[in-house]
Amino acid sequence: MSGDHVHNDSQIEADFRLNDSHKHKKDKEHRHKEHKKDKDREKSKHNNSEHKDPSEKKHKDKHKNNDKHREKDGEKHREKDGEKHRDKNGEKHDKHREKDGEKHKDGEKHKEKDAEKHRDGEKHKDKHRDKDREKRKEEKMKSSSGSVKVKKANGFSSPVRVKDEPEDDGFHMSPKENKAMKRPRDDDEDYKPKKIKSEDEKKGKKRKQEEEDIKPKKKSKGKGNEGEVKKKKVKKEEEEKWKWWEEERHADGIKWKFLEHKGPVFAPPYEPLPDNVKFYYDGNLVKLSPKAEEVATFFAKMLDHEYTTKDIFRKNFFKDWKKEMTADERNLITNLGKCDFNAMSQYFKEQSEARKNMTKEEKQKIKEENERLLQEYGFCVMDNHRERIANFRIEPPGLFRGRGDHPKMGKLKKRIMPEDIIINCSKDSKYPVAPAGHKWKEVRHDGKVTWLVSWTENIQGSIKYIMLNPSSRIKGEKDWQKYETARRLKMCVEKIRNTYKEDWKSKEMKVRQRAVALYFIDKLALRAGNEKEEGETADTVGCCSLRVEHINLFQELDGQEFVVEFDFPGKDSIRYYNKVPVEKRVFKNLQLFMENKQPDDDLFDRLNTSILNKHLQDLMEGLTAKVFRTYNASITLQQQLNELTNGDDNVPAKILSYNRANRAVAILCNHQRAPPKTFEKSMMNLQGKIDAKKDQLMDARRELKSAKADAKVKRDEKSKKLVESKKKAVQRVEEQLMKLEVQATDREENKQIALGTSKLNYLDPRISVAWCKKYGIPIEKIYNKTQREKFAWALDMADEDFAF
DNA sequence: TTGCTAACTTAGAAAGCCCTCC
DNA sequence: GGAGGGCTTTCTAAGTTAGCAA
């Protein structure tokens, strides 16, 4: 069997990736509302037909289905193995279903109760809110559908091909890389910092200094040796940096030997509102107790946000708010709809305005204070080096902003106190001191983890951490390792593909499902898709947790055979929509998996991420589902860069090519963003600039023509010179026009696609570095300062020959 | 095998800051 | 010099994965 099925239809693939998934852009309002509707419909169906225990019946069906599947496929002689699995799995599902059924019932009860509570009083206001929401929705629809298409006068259009396997150029690791990745760090070293490396210490100051240095130069608009100065600066900066990638690494599992830090910065205490800021309930002035007032301000601060119009948000908020009220307040305030937060909201707007209008000196003072905090708390010492901490501030209290239809949105995120905090540091370090009158929950010394501080949040009960900045050794090493794993996958991906294709024919349902799921993960870069607890989070899915309702099968669609239509809410409730032609065998398998199932049944009922990842581990050490995403993203970037870059292009055109390659990856990974609020306007502004530039070009050409004519008559030096200068002027304006047009194309194509996520998390930075070096593009055009810091290892080690 | 949790990565939104243009 | 806009940074939610205990 040929190993390139994934790529045979690459053209078709490219089409659906760039057209369909592009066409079906973010539809946040809509986000899986349709799913819900379907689900609800199904639920009510179930409720009608299965009075006792819907889950039980459903599961029996599942079993029946699977037996049928087997028989249909000529698997009458069942393997012992398969039988065992089936039975055990069956048990699991029964349990699961029962649990679910119970939960459902509970959920329904709650719903009813809540609905009752809500019914009175709020109806009126909510109606208005609904109207507003609809209005906004309409506006949003209008603005996206009626978007002004920028004329691509320069002939740039989106690249068509996305995912093709490039020629296998082998797997290379420079001796430098090889050495650095493999060498273990000696264990006997005492890492207590006798002397901290000075280069790191300077970092904060340098950052500031550099900003000051660069500013005035930028204003001088590309005069003279600005480029040179910048280059020198960058070079100097590089020389001073700690090249951890050239040093030995700790033995496996050991993250650090010495760690010292100052602990977290807590949210400032609540400041009560001034007396003139009033709160009204049912038209009457009410002075709230400090605790109740604080929680009320959280709501007031969000009053303009769509969240506060959502039913779940309001219910959750009101419930938690009441817990903070005094008994009297609780008795009085019984209806959120009668609460008037407008004065509070107005007050915060004024505060924000006042902050904007502060004098330079005042702003400077705040900046300095922030810098002081950063210097004191924003760095730690880890194994002799001063490293930047990513998030040294504890999350302030507020209202939980879950994404999508999150059942817990609006709940009160409680204030974190020192007594909630676990500190992690070296035994022999100077421990952080808890704020006066407080103590830490615990101080531990665990060098096998990377976090400095942790606490448990009250919404989901999950643990939150303070960790190091992406530029740190500990994060960089891990990042580097991630891409090395993806490169290892490259070496054996063909074999793996052949294996899963064989498995499509397996006698075991479990194996077939695993093989089809893996095919999707590989071909479409889907996420693994863990199981989620219902009612705890928004209903989102990944590959293994896809349900029947999330796909549609078409024997033929738009002239293509065996098309699968995916439509599901993915991570962050971002809609994934795609129409994919698949192999016939995959299609038939899917039909089988779906047979006799309800829309809300699992598509892969014999599979979960744990089973899948265990299997992957057997295929390649360190292989997990998410490695496919990294691998496919990086290989796509490399292949797209090869395809799209034209060596003769100027720098802006080459950068457009880069962005397009990046965009192909973002589309593959379904990285979407809400179109910027000012998109249409900024696009129009840009178009205005382009038009003006065109006029200018016409003028310049006219002037050149007349200068030429003049020179023909006069034939003197002066007029010759004039012609030359006019020629240059035309050239200059042409370049400027082209730059603007490229910018417009880029911006238009980027309207709803977020490039940052893939750039930061999926694309081996060495590909970009190599590309920059090969085509003479300054790296600053691709990576900003923070990104350069994060990818310092790649900047240093990749030369132009690097191949992923 | 399952369920649970800890640890860590990936993600988009929002806030903040700074540059450009008038 | 200030308004507007876009890029950068921060924030924190939401994923994945590994490992452990029952």
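The analysis underlying the following values was restricted to heavy atoms, covering all of them including side chains, and did not include hydrogens, waters or symmetry mates. Order of the sequence lines sets the chain letters (A, B, ...), proteins ahead of strands, with each chain counted from 1. Keep in mind that what you see is a predicted model, and the values were worked out from it rather than measured.
For A:Asn391, no side-chain nitrogen or oxygen approaches OP1 or OP2 of C:dC11 to under 4.0 Å. At C:dA14, none of the side-chain N or O atoms of A:Thr537 fall inside 4.0 Å of OP1 or OP2 (strictly under the cut-off). OP1 or OP2 of C:dA18 has not a single side-chain nitrogen or oxygen of A:Thr624 nearer than 4.0 Å. Checking the phosphate oxygens (OP1, OP2) of B:dT10, a side-chain nitrogen or oxygen of A:Lys626 falls inside 4.0 Å. The shortest distance between the side-chain N/O atoms of A:Lys478 and the OP1/OP2 oxygens of C:dT17 is not below 4.0 Å. The phosphate of B:dT9 (OP1 or OP2) has a side-chain N or O of A:Lys475 nearer than 4.0 angstrom. Contact check, A:His671 against B:dT10: no side-chain N or O comes under 4.0 Å of OP1 or OP2. For B:dC8, the OP1/OP2 oxygens have a side-chain nitrogen or oxygen of A:Thr450 closer than 4.0 Å. Side-chain N/O atoms of A:Gln460 include none lying less than 4.0 angstrom from OP1 or OP2 on C:dA13. Close to C:dG15, at under 4.0 Å from its OP1 or OP2, lies a side-chain N or O of A:Lys532. Of the side-chain N and O atoms in A:Asn530, one or more sit less than 4.0 angstrom from OP1 or OP2 of C:dT16. Between A:Lys255 and B:dC8 there is a side-chain polar atom (N or O) within less than 4.0 angstrom of OP1 or OP2. Remark: A:Lys413 is in phosphate contact with C:dA13, judged by side-chain N or O atoms under 4.0 Å from OP1 or OP2. The phosphate of C:dT12 (OP1 or OP2) has no side-chain N or O of A:Arg403 nearer than 4.0 angstrom.
The existence of a salt bridge linking A:Glu362 and A:Lys365 is excluded, since no basic side-chain nitrogen approaches an acidic carboxylate oxygen closer than 4.0 Å.
Straight-line distance from the CD atom of A:Glu531 to the P atom of C:dG15: 14 Å, rounded to whole Å. Remark: P of C:dA13 and CG of A:Asp572 are 11 Å apart, rounded to the nearest angstrom. Rounded to whole angstrom, the span from the CD1 atom of A:Ile466 across to the P atom of B:dT9 amounts to 16 Å. The nearest whole Å value for the distance from the CG atom in A:Asn370 to the P atom in C:dT9 is 15 Å. A:Ile474 has its CD1 atom 12 Å from the C1' atom of B:dA7, to the nearest Å. Taking atom CD of A:Gln617 as the reference point, atom P of C:dT16 lies 17 Å away to the nearest angstrom. For the pair A:Lys693 NZ and B:dC21 C1', the computed distance is 13 Å after rounding to whole Å. One atom, CD of A:Glu789, and another, P of C:dT8, lie 13 Å apart when rounded to the nearest Å.
The 5' end of DNA chain C is approached more closely, in terms of each residue's nearest nucleotide, by A:Ala390 than by the other of A:Ala390 and A:Asn613. Nearest-nucleotide assignment on DNA chain B puts the 5′-proximal partner with A:Lys448, out of A:Lys448 and A:Arg401. Map A:Arg444 and A:Thr630 each onto its nearest nucleotide of DNA chain B; the residue landing nearer the 5' end is A:Arg444.
The side chain of A:Thr540 approaches C:dG15 more closely than any other nucleotide in the set C:dG15, B:dA11, B:dC8. The A:Lys367 side chain lies nearest to B:dC18 when the options are B:dC8, C:dG15, B:dC18. Picking from B:dC8, B:dT2, B:dG12 the nucleotide with the shortest atom distance to the side chain of A:Ala754 gives B:dG12. Picking from C:dA13, B:dG12, B:dA7 the nucleotide with the shortest atom distance to the side chain of A:Phe400 gives C:dA13.
Using a 4.0 Å heavy-atom criterion, one finds that A:Gly529 contacts the sugar-phosphate atoms exclusively. At a threshold of 4.0 angstrom between heavy atoms, the contacts of A:Pro396 are confined to the sugar-phosphate backbone, with no base atom among them. A:Arg629 comes within 4.0 angstrom of sugar-phosphate atoms only, judged by non-hydrogen atoms across all strands, and of no base. Residue contacts for A:Gly542: at a heavy-atom cut-off of 4.0 Å it reaches no nucleic acid atom on any strand shown. Residue contacts shown for A:Ala625 are limited to sugar-phosphate atoms, with no base heavy atom under 4.0 Å away. Residue contacts shown for A:Tyr465 include a base, since a base heavy atom lies under 4.0 Å away. Using a 4.0 Å heavy-atom criterion, one finds that A:Asn784 contacts the sugar-phosphate atoms exclusively. Nucleic acid contact for A:Lys356: none, since no nucleic acid atom lies under 4.0 Å from a heavy atom of the residue.
Ring centroids of A:Tyr762 and A:His671 are separated by less than 6.0 Å, placing the two rings close together. Proximity of the aromatic rings of A:Phe299 and A:Phe317 is defined here by a centroid distance below 6.0 angstrom, and this criterion is met.
Taking every heavy atom of both residues into account, A:Asn469 and A:Lys475 meet most closely at O-CG, 3.5 Å. Taking both residues in full, the closest heavy atoms of A:His250 and A:Ile254 are given as CB-O, 3.3 Å, listed atom of the first, atom of the second, then distance.
Below the 3.5 angstrom threshold, one finds a donor paired with an acceptor across the side chain of A:Lys571 and the base of B:dT10.
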Before giving the answer on side chain to side chain contact (heavy atoms under 4.5 Å, CB included), spell out for A:Ile423 and A:His261 the whole-Å C-alpha distance, their side-chain angles and the decisive distance to 0.1 Å. CA-CA 9 Å; A:Ile423 298 285; A:His261 58 94; 3.9 Å; yes
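In this pair, A:Phe791 and A:Tyr783 present their aromatic rings tilted. The plane angle is within the 30 to 60° band. Classification of the A:Phe568-A:Tyr576 ring pair by plane angle, with boundaries at 30° and 60°, yields parallel.
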